[in-house]
Amino acid sequence: MAGLAGLAACRAPAAWAQTPVGLQLSWLHSVQFAGSYLALRNGWWRDAGLEVSLLQGGPNAPVEPPVVAGNALVGISAADYAAAAVAQGAPFRIIGVAMQKNPFVIASLPGNPIGTPADLPGKRIGMAVANTPVLQALCRLNDVDVNAVRIVPTQYSAQPLIAGEVDGLLCWETDLPVAMAIQGIAARTMLMADHGYALHSQTYVATTDSLSRRRKDLVALMAGEVRGWNAYRADTDAAADLTVAMFPDAGLDPAVQRLQAERQVPLMFSPLTDAHGFGWWTDEGIEANIRTLALLGRTVTPDLWDRSILDEIHAG
């Protein structure tokens, strides 16, 4: 017993030497962030010396301010939001890319399918007016006259498509099409990333100050993310079930979470990540993002992306 007590005493300081770190999520809790939940629940951050708080996002909780203020070490954002923040003076770098393919799709019904951008002219597309630049960029990338497409302002719901009020919906692959599938309605989805719309989504942003002064913490945090998302990929049902169990008051439907988890996989993993590791990107990918961002009215340079943290993690 004395030996065990002595061992416990030796381990006690490590248990207390946790560095508090905030990870700012981009939206409300859901399976969209299940890799982070797995890292937290399995103690992988704790074992690396971090006490990580997952800060919920939402419509009134933007990602960027907490990162600039230092209340979050890392935020989960997107390349267009990061570019907008940089234009306003935020010292951001993208240090990881969770979604290899942007999740925006045009969803339609099999009886009136929209399979390529060439199908868009003459169609009524339901969408939030704020996403008009997204549709305009897709059309310009594919030599489609956007003026030949009728934009119909809608709430973020599948009902206008189901009711025949529109021919297609601009939405994420992992939400409205999933909601329709749960109702037994098979939607056709045209992934915009397959037609030139290259825009990194669910990106990890950190400040240049953190990259220079808190590098060890960034490596530990992102290493936990890498491990968590690899575990998620290995068993998406278990990841979805954990999400529902961790947030019982979030109103999460288990079937919806499971299907969303499954549909995220091809967006987040690819031959590129198989070869180089979760979160990776290429110089060619940056060039494509810069072109798409320019169509969205954002001018950025390649130094917005910094892969040094991932280099350190995946080299190890």
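For this chain, numbers begin at 1 and follow the sequence in order.
Distance check: L296 CG to Y197 OH gives 4.5 Å after rounding to the nearest 0.5 Å. In this structure, I106 CD1 and M192 CE are separated by 6.0 Å, a value rounded to the nearest 0.5 Å. Expressed to the nearest 0.5 Å, how far CZ of F92 lies from OG of S77 amounts to 7.5 Å. In this structure, CG in L267 is found 5.5 Å from CE in M99, a value given to the nearest 0.5 Å. Here the straight-line distance linking atom CG of L40 with atom CG of L54 works out to 5.0 Å at 0.5 Å rounding. Rounding to the nearest 0.5 Å gives a distance of 11.5 Å between CD1 of I114 and OG1 of T189.
If you chain together hydrophobic residues whose side chains sit under 4.5 Å apart, W27 and V52 fall into the same group. At a threshold of 4.5 Å between side-chain heavy atoms, the hydrophobic network of Ile, Leu, Val, Met, Phe, Trp and Tyr places V31 and I182 in two separate groups.
Every residue two or more places apart in sequence or in another chain was checked for a salt bridge (Lys or Arg N to Asp or Glu O under 4.0 Å) with R298, and none qualifies. In this view, W172 satisfies the side-chain hydrogen bond (donor to acceptor under 3.5 Å, both in side chains) rule with no residue, not counting sequence neighbours. For Q100, there are no side-chain hydrogen bond (donor to acceptor under 3.5 Å, both in side chains) partners, not counting sequence neighbours. Under the side-chain contact (heavy atoms from CB on, under 4.5 Å) criterion, V300 pairs with A83, I290, L293, L304, W305, not counting sequence neighbours. With sequence neighbours excluded, the residues that form a salt bridge (Lys or Arg N to Asp or Glu O under 4.0 Å) with R307 are D311. With sequence neighbours left out, D175 forms a salt bridge (Lys or Arg N to Asp or Glu O under 4.0 Å) with no residue at all. For A61, the side-chain contact (heavy atoms from CB on, under 4.5 Å) criterion is met by no residue, not counting sequence neighbours. Remark: E225 pairs with S36, Y204, W229 by the side-chain hydrogen bond (donor to acceptor under 3.5 Å, both in side chains) rule, at least two apart or across chains. Partners of S212 according to the side-chain hydrogen bond (donor to acceptor under 3.5 Å, both in side chains) rule, which considers only residues two or more places apart in sequence or in another chain, do not exist here.
With respect to R258 and D241, a salt bridge is recorded, a charged nitrogen being found less than 4.0 Å from a carboxylate O.
For residues 244-271, every residue pair satisfying the ring pair (Phe, Tyr, Trp, His ring centres under 6.0 Å) rule, not counting sequence neighbours, is listed here: H29-F247, Y37-F247, F269-F278. Note on residues 104-125: pairs passing side-chain hydrogen bond (donor to acceptor under 3.5 Å, both in side chains), not counting sequence neighbours, are N112-K123, N112-D167, R124-D167. Judged as a side-chain hydrogen bond (donor to acceptor under 3.5 Å, both in side chains), the pairs with a partner in residues 285-294 (not counting sequence neighbours) are, in order, H200-N289.
A donor and an acceptor atom, one from each side chain of D209 and T207, are nowhere located under 3.5 Å apart. Side-chain contact, T174 with Q32: no donor N or O sits under 3.5 Å from an acceptor N or O.
Counting all heavy atoms, side chain and backbone alike, W45 lies closest to L221 at NE1-O, 2.9 Å. Pairing each heavy atom of A220 with each of L50, the nearest pair is CB-CD1, 3.6 Å.
For the pair I151/M127, a side-chain contact is recorded, criterion being any heavy-atom separation below 4.5 Å from C-beta on.
The neighbour count for Q155 CD, taken as heavy atoms of other residues, nucleotides or ligands under 6.0 Å away, does not exceed 12. Residue R215 qualifies as enclosed at atom CZ: its count of foreign heavy atoms under 6.0 Å is above 12.
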